[in-house]
Amino acid sequence: MSAPQSLPPMAIAVLGGTGEQGRGLAKRLARVGHSVVLGSRDAARASAAAEGIQPSRGRLPIAGATNHEAAAGADLVIVAVPYDGHRELLAGLAGSLAGKVLVDCVNPMEFGPGGPRMIGVPEGSAAQEAAAVLPDSTIVSAFHDVSARKLLGSSSSVPTDVLVCGDDAEANALVCALAGQIRGMRGIEVGPLRLSAVLESLTLVLLGVNKRYKARSGVRITGV
């Protein structure tokens, strides 16, 4: 199934939305017309984060709420929490997430003296862990390769491809279309959910590139 050319406005929840990646995605998705709710364990913290990414002129449709409230009211959910809280958060929200598409952009990594490294996940990847914890939800792995700093930056464009994988063709197409609404982005479907381990590991490569070249690198797929 090819990605639709346009999407109607949706209610989107970003769980763990007070972090840089969550706030950046919320800002960009609100700019293209979606209603976005940042979720957090602390509703006041989520509301403050939402207020912090409103433009100086006018307002974007971004609000803050608890993770439970955000998930319950959303058409589509993005999870952007640190990996150490990933399984517990999703398990506690299984009822609210049932029947919904959940976009997992969590990278199971830890930082130490030798630099970042991947954490072993029994299921193979964070996205596969989400699929195991949420059997009644549709999991798509995406947005790992997008710089949070670019998302939060002032440029109107975020020039990068977003690599998308999952086991449901319609959900993959939806997420590709969602990425394509953000100026400069293009969603590229790469295959089944088992490839999410590769997408999550790619973040380590990009972090290395950024450190070496003092850059905020992204990915471009040629020939497509």
Give me the atom names and distance for the closest heavy-atom approach of [X] to [Y].
X      : Y      : value
Thr160 : Gly218 : OG1-CA, 3.6 Å
Pro108 : Val121 : CB-CG2, 3.7 Å
Ala148 : Gln21  : CB-OE1, 3.1 Å
Asn67  : Gly16  : OD1-N, 3.5 Å
His86  : Ala126 : CE1-O, 3.0 Å
Ser196 : Cys165 : N-SG, 3.5 Å

Co-members of Leu204 in a cluster of I, L, V, M, F, W and Y side chains, linked at under 4.5 Å: Met109, Phe111, Met118, Leu207

If I take atom [atom1] from residue [X] and atom [atom2] from residue [Y], how far apart are they, to the nearest 0.5 angstrom?
X      : Y      : atom1 : atom2 : result
Ser157 : Arg28  : OG    : CZ    : 8.0 Å
Ser137 : Asp168 : OG    : CG    : 12.0 Å
Leu93  : Leu134 : CG    : CG    : 8.0 Å
Ile12  : Leu76  : CD1   : CG    : 5.5 Å

Got more than 12 heavy atoms from elsewhere within 6.0 Å of [atom1], [X]?
X      : atom1 : value
Arg194 : CZ    : no
Arg212 : CZ    : no
Glu20  : CD    : yes

Given side chains that start at C-beta, do those of [X] and [Y] come closer than 4.5 Å, heavy atoms only?
X      : Y      : value
Leu60  : Pro55  : yes
Val140 : Leu102 : no
Arg186 : Ile221 : yes
Leu90  : Val81  : no
Tyr83  : Glu129 : yes
Leu38  : Ile62  : yes
Leu25  : Val36  : no
Met185 : Asp161 : no

Strictly distance-based, threshold 3.5 Å: is any side-chain N or O of [X] a donor or acceptor partner for the main-chain N or O of [Y]?
X      : Y      : result
Asp167 : Leu193 : yes
Lys27  : Leu152 : yes
Lys100 : Ala72  : yes
Glu189 : Asn172 : no
Asp75  : Met10  : no
Arg183 : Ser156 : no
Asn210 : Ser217 : yes
Glu88  : Gly85  : no
Glu200 : Ala197 : no

For the hydrophobic clusters of this structure (ILVMFWY residues joined by side-chain heavy atoms under 4.5 Å, transitively), does one cluster hold both [X] and [Y]?
X      : Y      : answer
Leu174 : Ile182 : yes
Phe143 : Val77  : no
Val175 : Ile188 : no
Leu163 : Leu178 : no
Val103 : Leu151 : yes

Intermediate values then yes/no, side chain to side chain contact (heavy atoms under 4.5 Å, CB included), Glu123 and Arg87: CA-CA 11 Å; Glu123 291 83 359; Arg87 184 186 295 269; 3.0 Å; yes

Asp104 and His144: side chain donor to acceptor below 3.5 Å: no

Side chains of Thr203 and Asn107, donor plus acceptor under 3.5 Å: yes

side-chain hydrogen bond (donor to acceptor under 3.5 Å, both in side chains) pairs, two or more places apart, involving residues 34-46: His34-Gln181

Among Val205, Asp145, Leu199, Val146, the one residue meeting side chain to side chain contact (heavy atoms under 4.5 Å, CB included) with Val219: Asp145

Derivation of the side chain to side chain contact (heavy atoms under 4.5 Å, CB included) call for Leu206 and Arg216: CA-CA 8 Å; Leu206 295 177; Arg216 294 174 183 174; over 6 Å; no

